[in-house]
Protein chains: 2
Amino acid sequence: MTEPSRPQRGENLDITHKRGKPTLRTIATIAGLAVTTVSRALSDAPQISLETRQRVHRIAREIGYLPDRAAQRLKTGRTNVVAILLDPHEEVVGFTTSIMYGIAKALKETPYHLVVAPNFLSTTNAEAAEYIIRNHLADGLIFTRTEPLDARVRLLLEAGFPFICHGRTEFSTPHPYVDYDNFTFAYEATRRLIAKGRTKVAVILPPKRLTFCQHILHGFMTAVREAGIAYEVPEKVDLDTPADVLRDFVRARAAAPDAPDGFVCPGEVSALAVIGGMSDAGRTLATDYDIVAKETSRLLTQLQPKVDTIHEDLTAAGEDLGRMLLQRINNPDAEDLHLLLPPQINFPVG
Amino acid sequence: MTEPSRPQRGENLDITHKRGKPTLRTIATIAGLAVTTVSRALSDAPQISLETRQRVHRIAREIGYLPDRAAQRLKTGRTNVVAILLDPHEEVVGFTTSIMYGIAKALKETPYHLVVAPNFLSTTNAEAAEYIIRNHLADGLIFTRTEPLDARVRLLLEAGFPFICHGRTEFSTPHPYVDYDNFTFAYEATRRLIAKGRTKVAVILPPKRLTFCQHILHGFMTAVREAGIAYEVPEKVDLDTPADVLRDFVRARAAAPDAPDGFVCPGEVSALAVIGGMSDAGRTLATDYDIVAKETSRLLTQLQPKVDTIHEDLTAAGEDLGRMLLQRINNPDAEDLHLLLPPQINFPVG
DNA sequence: TCTGGGAATGAAAACGTTTTAAATTTTAAC
DNA sequence: GTTAAAATTTAAAACGTTTTCATTCCCAGA
């Protein structure tokens, strides 16, 4: 004769879930509460007694509960996702990675995830944005390299879709942005060249269609005019020009009698190309000419320690982008979501 | 007396949804079918008549229907998400961006999205993976820079969680991977130096803990032994060494009488640092010494056209990673999910 | 005429959460 | 000791799918 079977350990409490993951019901069963109450308690609703709230939080922690994103998203209509438009073009070393890293940092303690939406999903980069809006694939959008009348900005403003961009525009409607103070960068860079005694300065501009091209030009020209110094703005090359083409251009230019002896370079690779071109022409950095470059990684100063640099912290920018986008998402009327990050000047005492 | 109000246009069909987005019910109402049938028709179930299937597809297309990811995810338990562990360390220019771009390309026509899971979510990089598994935040995981007994691989294998990595391991259990043939890279690079008449070759190795360090060393040593040539393997520096430190090291080394006159550099920045160091020591590239470098962007050849390079296509690798991970997700028994990408040799005819 | 069976469609439940509205308990006031 | 009000808690519906099971329809075979 065998013993009559008894309830196994834990059999009386039906807290094991189909897929094995604890849910609100698991907690409700353990706590002897309704699912509703548990949901409320976890979101710290004021009408739930403090004692219950604490107890529910404790249980949740103990069994490793984590809310199901799909269910939340289905119910609330919020995706808890922030998307970034990935630009295949990367003129700055580690540009995208640094920004993404910063965004991820800002999202760290929030329920938000970062998803990557490559631009090639569509022919124009505004179409990628449209796709995301139309199908509500994210709660907010981040992108970089703005143009004065950026099609993405226009679209997102019209749709009232939360976004923030790295770079400014010229729309009359204000919108959130984080930008680097490229005016001051160019102004200080140019002044540094002048202070070092250079007699003719040149600047490698970003592509003309980008907003910050004007900022750089403006900063450069302001310093030039203040000092009444000779200058030149090459038309045939820009920051996106392949390094070898830029190098050849600089070499050819250096051979002429009225060649510039000071360069403002808003990118590390272009700075290296300029140095290469000048070197091809027999000119020595810091002796025959000088460069002030924008530095976003350690690359340039590691390779050419003699270059004066002004730093742009892209990870910090990413962090601000993430933080401010969340503000915009959670409070559509939030104002002053504008940030102009100051250049960090690294000139040695010399 | 006013006209009695009539049904407005479209008022008779209740196809407008709360959130405005068309759902299965919208299509069902239009087609005069049940939601079930519509769902089936859209997934091309054989028991639905061909005519109905076509009709439903057509309506869906016309009203711009897109399935709600949250609802699908909730119901099926599949996230339709692929995650990539973002490594803050980026020794190769554009490494992460290129790979991500390739992955996104592979995911393009699929329902999958790419989300970025930064490693700093946790202290060790295995913890980030664990977090993703435990809370089922993705259907599959991608990561790079493997170690022979990589903790992430061990964890994921034990959990039976779909993943693929860039780089191999030494686990006896096979697992999906995409890797670059670094043995052949190093072997061919070394042979090139020898063919050019160099008499003592050196290699800058990756950090020792990474699997591909051994592959490079092996390829290098094989070529060295075949030729019976002098060689050296610097212990104090590696690919992750800051460029200025590496440069100083090379300069110091070049000053000694038994300095190498041929370098294998598996990274572009380190190649530039070596060139810088040799230049500091008064040595001229292609005359006094040679370099064969791994090239993953256009950076190196643009700046130093005289360097022999062997190309590694990281975007292609990303595309393979994405494609093969989807295979693994959809068929857990899929075999031969291994890919060793061949080096693309760019030596000029000289 | 009836029956069985295949082809096509449909009803209803479920995934795990949030939210509206209602029910219950406790406290305070008389 | 009522009773109204305040403080908690709960039931039930809903978000948009997928899936199990049932139903309808039509026709072949008896």
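Here the structure is a predicted model, which is why all the values come from computation and not from measurement. So you know, we letter chains A, B, ... as the sequences are listed, proteins then strands, and number each from 1.
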Qualifying residues under salt bridge (Lys or Arg N to Asp or Glu O under 4.0 Å), relative to B/Arg323, sequence neighbours excluded: B/Asp320

Test item: side-chain donor near acceptor, A/Thr36 and A/Ser39, under 3.5 Å: no

Value in whole Å for how far the P atom of C/dT18 lies from CG of A/Leu74: 11 Å

Name of the residue among B/Val81, B/Leu137, B/Ile132 meeting side chain to side chain contact (heavy atoms under 4.5 Å, CB included) with B/Val115: B/Val81

OP1 or OP2 of C/dG10 under 4.0 Å from side-chain N/O of B/Thr37: yes

Whole-Å distance separating the NZ atom of A/Lys75 from the C1' atom of C/dT17: 8 Å

Intermediate values then yes/no, side-chain hydrogen bond (donor to acceptor under 3.5 Å, both in side chains), A/Thr169 and A/Asp150: CA-CA 7 Å; A/Thr169 68; A/Asp150 201 290; over 6 Å; no

Within 6.0 Å of CZ in A/Arg134, more than 12 heavy atoms from elsewhere: no

Whole-Å gap separating P (D/dT17) and CG (A/Asp68): 17 Å

Neighbour count above 12 (heavy atom, 6.0 Å) for B/Gln47 CD: yes

Any N/O donor-acceptor pair, B/Arg40 side-chain to C/dG10 base, under 3.5 Å: yes

Overall bend - the helix from C/dT1-D/dA30 to C/dC30-D/dG1, comparing terminal axes fitted on five pairs, nearest 10 degrees: 60°

Atom pair distance, as rounded to whole Å: CZ in A/Arg78 and P in D/dC15: 19 Å

Pair A/Phe163 and A/His175, ring centroids less than 6.0 Å apart: yes

Earlier contact from the 5' end, DNA chain D, for A/Leu33 and B/Gln72: A/Leu33

Sugar-phosphate only, base, or nothing, as touched by A/Ala34 at under 4.0 Å among non-hydrogen atoms: sugar-phosphate

Separation of atom CG in A/Leu66 from atom P in C/dG16, rounded to whole Å: 14 Å

For atom CD1 of A/Ile27 and atom P of C/dG16, their distance in whole Å: 13 Å

Whole-Å distance separating the CD1 atom of A/Ile63 from the P atom of C/dG16: 13 Å

Protein-nucleotide distance (B/Arg25, atom CZ; C/dG10, atom C1'), rounded to Å: 16 Å

Short side-chain N/O contact to D/dT9 OP1/OP2 from A/Thr36, under 4.0 Å: no

Side-chain heavy-atom pair A/Leu155, A/Ile133 within 4.5 angstrom cut-off: yes

Close side-chain approach of A/Tyr112 to A/Arg78, heavy-atom, < 4.5 Å: yes

Near-strand residues of residues 43-55 of chain B, defined as heavy-atom separation under 4.0 angstrom from DNA chain D: none

